[in-house]
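Beneath this line is the structure, given in structure tokens, with notes to follow.
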2 protein chains.
Amino acid sequence: MSSTTKESGSRNRTRRAILDAAITLLATRPQASLAEVAEAAEVGRSTLHRYFPERTDLLSAVVEDSLAQLTVAVTTAELHRGTPAEALRRITHAYFELSPVLLVLFGEHLIDTRKDLIGDLDEVDAPVFELLERGQREGFFDNGVSAEWLNRVLWAVVYTGIAACAEGAMTRHAALESISRTLERGTRAE
Amino acid sequence: MSSTTKESGSRNRTRRAILDAAITLLATRPQASLAEVAEAAEVGRSTLHRYFPERTDLLSAVVEDSLAQLTVAVTTAELHRGTPAEALRRITHAYFELSPVLLVLFGEHLIDTRKDLIGDLDEVDAPVFELLERGQREGFFDNGVSAEWLNRVLWAVVYTGIAACAEGAMTRHAALESISRTLERGTRAE
DNA sequence: GCACTTTGGGACATCGATGTCCCACAACGA
DNA sequence: TCGTTGTGGGACATCGATGTCCCAAAGTGC
């Protein structure tokens with residue numbers, strides 16, 4: 001509930017630099033060493049250890065920060081507004097823009113570190129879940145599968161687009177278009 | 001092109017046991033140690049090293065074996081027969097049954113070891129690609145996205161179902177049903 | 001039963017990642 | 001300017017994973 005409070009200002013900046021670098025790096029290479037993270041953050045290895053004494057401390061902070069960013073995105077999307085189709089498009093877009101965060105959260109390494117944060121993830125995308133259920137009730141989304149399944153598919157398809165971009169197989173625009181199209185068709189009711 | 005040829009018979013059995021255990025284990029824990037692999041295969045660590053001197057040797061063999069299994073599955077599915085919808089259902093089913101193999105191939109750790117095997121993967125599911133293109137030509141599958149995209153979505157959705165099963169969130173039957181349903185709707189033309 | 005093959009496990013060296021400590025130096029604020 | 005705060009890098013100990021070697025024991029086929 002508080003991370004950018006207190007502290008000297010320069011401490012906050014350093015902390016953010018480390019976190020940003022870690023998220024970017026761990027998104028593509030979850031097994032990256034702390035030395036690599038420090039280098040990516042343009043920070044000494046001892047400084048990194050000063051902020052995050054152990055590797056798990058860094059991992060936890062990365063996941064927490066990712067969840068925080070995700071929360072902001074979900075909240076901003078105001079999924080209760082407009083038609084389910086429109087809201088789906090908004091959240092899809094929002095997820096896509098959070099590429100590194102998605103990658104970090106989707107990668108399974110968080111399982112190794114903090115089991116308790118998995119529950120937080122469910123909490124964070126509760127609004128998405130509600131959107132999916134609302135869409136099902138209103139006849140927009142497929143009722144033949146569970147809302148949980150739709151949620152999983154949402155994540156998977158967005159992830160696929162991000163991965164395709166990362167490989168250079170598609171442009172961001174093309175990926176976003178394909179994601180939206182496939183999701184709309186795959187999730188809507190007859 | 002040859003792996004179960006020659007050799008003493010007991011060597012083949014041991015090799016298979018190691019490979020099977022490795023695929024199963026690495027599917028869920030790509031970073032598992034060689035000691036764990038040996039234990040899972042009920043084999044001494046020195047025996048493991050005798051068959052696969054280095055870790056990369058084991059990883060390569062695992063990927064090669066996975067590709068071989070995938071090849072058999074794709075060939076057996078005879079994707080050129082029947083309607084695209086039927087063929088899609090067959091390959092979906094086949095992929096799903098190969099859960100651990102899919103997990104191993106989908107996990108990115110293969111990228112670290114043998115870049116050259118990625119091309120082999122494209123080669124292996126070339127028939128799937130052809131199916132998707134055929135379906136597009138015949139008006140069964142969505143023409144608004146690329147066949148490559150459809151292929152990625154196919155993998156992603158099957159993977160999602162497998163993951164859901166692994167977490168105990170769904171039964172295998174429910175997962176397979178959801179996968180098929182979502183894929184059919186998500187990929188077909190208007 | 002005998003010779004050959006295969007196996008299991010211990011002992012050992014090595015390597016990279018991690019974590020700790022310390023100290024000189026730079027940055028910053030009153 | 002001076003004291004406080006933050007930083008970078010080196011030295012070091014530790015740990016787990018990896019890889020090598022060897023030998024006694026179990027398994028296999030003739």
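By convention in this document, chain letters (A, B, ...) are assigned in the order of the sequence lines, proteins followed by strands, and residues within each chain are numbered from 1.
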Exercise. Which atoms form the tightest heavy-atom contact between A/Leu34 and A/Leu48, and what is the distance?
Worked result: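 In terms of heavy atoms, the two residues are closest at O-CD2, 3.3 Å.
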Problem set entry | Residues that A/Glu54 engages under side-chain contact (heavy atoms from CB on, under 4.5 Å), provided they are two or more places apart |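 With neighbours one apart ignored, the set is A/Thr56, A/Asp57.
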Exercise. Can you list every salt bridge (Lys or Arg N to Asp or Glu O under 4.0 Å) pair that touches residues 34-47 of chain A, not counting sequence neighbours?
Worked result: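 Found A/Arg29-A/Glu36.
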Seminar exercise, completed: Letter by letter from the 5' end, nucleotides 7-22 of chain C scores (B base, S sugar-phosphate only, - none; protein heavy atoms under 4.0 Å) BBB--------BBB--
Exercise. Around atom CD of B/Glu78, are there more than 12 heavy atoms of other residues, nucleotides or ligands at under 6.0 Å?
Worked result: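 Result for CD/B/Glu78: enclosed.
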Problem set entry | 4.5 Å side-chain heavy-atom contact, A/Trp155 and A/Val128 |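 The answer is no, as the side chains (C-beta and beyond) never meet within the 4.5 Å cut-off.
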Problem set entry | Integer-rounded Å distance: D/dG6 P and A/Ile18 CD1 |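 One finds 13 Å between P of D/dG6 and CD1 of A/Ile18, rounded.
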